[in-house]
2 protein chains.
Amino acid sequence: MERGRSALGPALELVHTGRAPTRAVLTTELGVTRATAGAVAAELEALGLITVDSRPHASAGSQGRPSHRLSVNENGPVVLAAQIHADGYRAALVGLGGRIVATTPSCGIIPADPAQVLAEVVEAGAALLRDTGRRCLGAGLAVPSAVAEPDGEALNPLHLAWPSGAPVRELFLRALADAGIPGVTEKIGFTGNDVNLGALAEHRHGAGRGARHLLCVASGHRGVGGALVLDGRLHSGSSGLALEVGHLTVHPEGTPCHCGSRGCLDVEADPLAFLVAAGREPGPEVSLLHQAGELLRNEYTDPGVRAAADLLIDRLGLGLAGLVNILNPDRIILGGLHRALVEADPERLRAVVADRSLWGRSGGVPILPCSLDHNSLVGAAELAWQPILDDPLVILDGAA
Amino acid sequence: MERGRSALGPALELVHTGRAPTRAVLTTELGVTRATAGAVAAELEALGLITVDSRPHASAGSQGRPSHRLSVNENGPVVLAAQIHADGYRAALVGLGGRIVATTPSCGIIPADPAQVLAEVVEAGAALLRDTGRRCLGAGLAVPSAVAEPDGEALNPLHLAWPSGAPVRELFLRALADAGIPGVTEKIGFTGNDVNLGALAEHRHGAGRGARHLLCVASGHRGVGGALVLDGRLHSGSSGLALEVGHLTVHPEGTPCHCGSRGCLDVEADPLAFLVAAGREPGPEVSLLHQAGELLRNEYTDPGVRAAADLLIDRLGLGLAGLVNILNPDRIILGGLHRALVEADPERLRAVVADRSLWGRSGGVPILPCSLDHNSLVGAAELAWQPILDDPLVILDGAA
DNA sequence: TGGCTTTGTGCCGACGCTAAACAAAATACG
DNA sequence: CGTATTTTGTTTAGCGTCGGCACAAAGCCA
């Protein structure tokens, strides 16, 4: 049971998340000697995961010998990331650092058979691999539903015509095997909920960088999803069902919800609720988010639109305040419709949350819009990178 | 920067929590060789932290050479644990394994000056140390209010006549210094909320053993507190204010709460609410829990009492269901009045939570009464033990 | 009594890290 | 303009921890 250099994983993670631009900060961040940091960097370079730029980079003018620059290898290996969403599916190749190297256009048709969808998206990814000739080290999948642990079944995929309990992880792994995509380990964890994975991506590469406890809430076309990153690790609960925030009550006399209660966040703060509140005729379900976003951006001066936005911000704020009292995060990031809402009026939402949360003093919790395109896709890639970040030497196992 | 044997800490924790009764299971639990496990056990024994009983213990009859028995050293060092509660304060000496070695009776008077209370409780602990002659390695304190990080200030200590923001950690450390109690490190973290610390104790030594994500909810005399242990570590939020569950709404048209809302868990599921619902005259505040408990135990057949209990179980269940949807714990432990409620009718509460939580299938979450006497006290001791569990060699630093 | 199985221990080597000295590349200062 | 200072990178030696292995010990089973 030979283990690799134990500082190797943490070092790669530091470079991966952009927190170690030079060997010098790698030394301090890891808490090791310069000798060790140098050896670790050399080994990561030899593995083809990072690059060292020896030319004296235009550093910030401090005295002393300038550092060499560390960065992820732009031409290094990639992982395959796949995402299923209400409008379609998409495959991409993602390198270290969360950079999307290649992506397919979003395919707009979702077959009702999960196995067929997954076979198609994996085949699209395999085509990208063939075209680019990149080495692939793993694969990750984001789906718009809760994913039950430990079996990886999609529960209540409301936005898809899939049966509840569809074994998406198993189907995904089978599709990968059929397409001959390697993957360096057989570990679990290659499939997750899209909001969860988006949160993970934002924490590592986006607006959540540096946050200790990060709460994310997002709304796509229908319903509201949540996710939580605690101390750098995704908290998905003991059976993968945490942060089902859609059924927080935010308006006791509100709209009936399919869960049997009334006034749940799910039905009070999603795009449909916004359009109805603004007195607009909702279009087809798969364009609700687009429709609501356009309305917010282009007609925010309209009093009816403005009033509807204020109403949704109040409802959302009530839900977020409850979550703040329970979770005490140090940052909140919003996606989908909620991103558009916070961008339309950042101060109102912050004030509502500070008002309603018990310890709103000291200005309350910072609330930011998410900052990554395709954060679920990048998050799915993080899932695939994780075994390599834990121990970079695993990439030697199946190497040519 | 010489570090100790890195498996030393995990090994001590395994013995401390009763998960390593023999060197053999220590070997498997640590994932090391027998040689290493033996060396580690020998070193812990040499440090006086554990004992090895070489006599062939009456093992479970499997074949092969019988294991020697590992256990914490009953006569080894202790930590000082202190607890402030609404009825008074108490000091105790707690050994490894969470065993209370000696304790003072609960002193029933709480001076309004925090510094004086802490000086008195620390002096009581110092007297215990003098009487028993035990070596003391650290100290921990549990208080009945939120403790803000990173400064350790008591926020809104409603049950005490203390000012909000009282710097309890600093006062506690000063009292310890005045009394000449050593403590092996100057690390932070020696003061915490009583429900949080109770949860920690239950997780390590009580009804929460083996749970991955543990949720605890408890009600003393007034209000409701919560705590969460995730992957073995207490989650107290980014500023120590997580799990302020008292203001979850469980009855929208209910009793007004001091937070400005109505029907909060704090005012709908505490002993006062129970007594009022049962039509009884509430006594003095510091005996509300006792009064409610007696009523539940002795007059549960009375229809009015029964109806009040059912009502509170419904309200509590609603709050717990919301928490389950957000946190997805794999076990729930209840303390104080809620312990009495779940003991009175375990099935009703389980059913309410399963009904109201989204994924109640598969029987829902197990809900258990807490199982330790003085779990906050034991939890305070855990806080003090933590640096030693992280690296047992620290006890050599100030050794005679 | 002689296998068989499981546990405990002694010895050696591999490996990951620290420590310390040295070399390199820039700025600061006379 | 040359030298001191500061910071970074590299080399070498050495140590400590742990794995691997062989062997001994202590119980069952036949």
Side-chain angles (χ1 to χ4, degrees), chain A residues 1-12 14-15 20-47 50-71 390-394 396, chain B residues 1-12 14-15 20-47 50-71 390-394 396:
Chain A
M1 191 192 279
E2 77 291 349
R3 275 301 74 188
R5 209 175 277 264
S6 79
L8 218 52
L12 180 58
L14 285 169
V15 179
T22 70
R23 266 186 279 234
V25 310
L26 189 63
T27 300
T28 61
E29 289 289 315
L30 287 176
V32 298
T33 59
R34 288 202 300 275
T36 305
V40 164
E43 190 161 358
L44 289 176
E45 191 181 19
L47 287 170
I50 72 171
T51 55
V52 179
D53 186 354
S54 305
R55 290 167 314 182
H57 189 267
S59 62
S62 74
Q63 64 176 355
R65 174 176 172 175
S67 284
H68 299 172
R69 185 139 207 94
L70 301 183
S71 48
D390 289 340
D391 178 10
L393 293 182
V394 297
L396 295 177
Chain B
M1 189 193 277
E2 77 292 348
R3 274 300 75 187
R5 209 175 275 265
S6 79
L8 218 51
L12 180 57
L14 285 170
V15 179
T22 70
R23 268 186 276 236
V25 309
L26 189 63
T27 301
T28 60
E29 290 290 314
L30 288 176
V32 298
T33 59
R34 287 200 301 274
T36 305
V40 164
E43 190 162 359
L44 289 176
E45 191 181 19
L47 288 170
I50 72 171
T51 55
V52 180
D53 185 355
S54 305
R55 290 168 312 182
H57 190 267
S59 63
S62 75
Q63 62 176 359
R65 174 176 171 176
S67 285
H68 299 172
R69 186 139 205 95
L70 301 183
S71 48
D390 289 341
D391 178 10
L393 294 183
V394 297
L396 295 177

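All chains are named by letter (A, B, ...) in the order of the sequence lines, taking the proteins before the strands, and each is independently numbered beginning at 1.
Look at B:Thr27 and you won't find any side-chain N or O under 4.0 angstrom from OP1 or OP2 of C:dT7.
Rounded to an integer number of Å, the gap from B:Leu26 CG to D:dC18 P is 12 Å. Distance B:Gln63 CD to D:dA30 P: 9 Å, rounded to the nearest Å. If you take NE2 of A:His68 and C1' of D:dT7, they are 12 Å apart, rounded to a whole angstrom. To the nearest angstrom, P of C:dG8 lies 13 Å from CG of B:Leu30. Whole-Å rounding puts the B:Glu29 CD to C:dT7 P distance at 13 Å. The interatomic distance linking A:Asp53 (CG) with D:dT8 (P) rounds to 17 Å, in whole Å. One interatomic measurement links the two molecules: CG of B:Leu393 to P of D:dG16, which rounds to 13 Å at whole-angstrom precision. For the pair A:Leu70 CG and D:dG9 C1', the computed distance is 12 Å after rounding to whole Å.
Counting all heavy atoms, side chain and backbone alike, A:Ala11 lies closest to A:Val40 at CB-CG1, 3.4 Å. Across A:Pro392 and A:Leu12, no two heavy atoms sit closer than the pair CG-CD2, 3.9 Å. In terms of heavy-atom proximity, A:Leu30 sits nearest to A:Pro10 at CD2-CB, 3.6 Å.
B:Thr22 OG1 to B:Leu70 CG: the interatomic distance, rounded to the nearest 0.5 Å, is 6.5 Å. Taking OG1 of B:Thr36 as the reference point, atom CG of B:Leu8 lies at 12.0 Å (rounded to 0.5 Å). Distance check: A:Ser67 OG to A:Leu26 CG gives 10.5 Å after rounding to the nearest 0.5 Å.
Scanning residues 33-44 of chain A for heavy-atom distances under 4.0 Å to DNA chain D yields A:Arg34, A:Ala35.
For A:Arg23 and A:Gly64, each mapped to the nucleotide of DNA chain D holding its nearest heavy atom, the one lying further toward the 5' end belongs to A:Gly64.
A donor-acceptor contact under 3.5 angstrom links the side-chain atoms of B:Arg65 to the base of C:dT7.
Between the side chain of B:Thr27 and the main chain of B:Arg23, a donor-acceptor pair closer than 3.5 Å is present.
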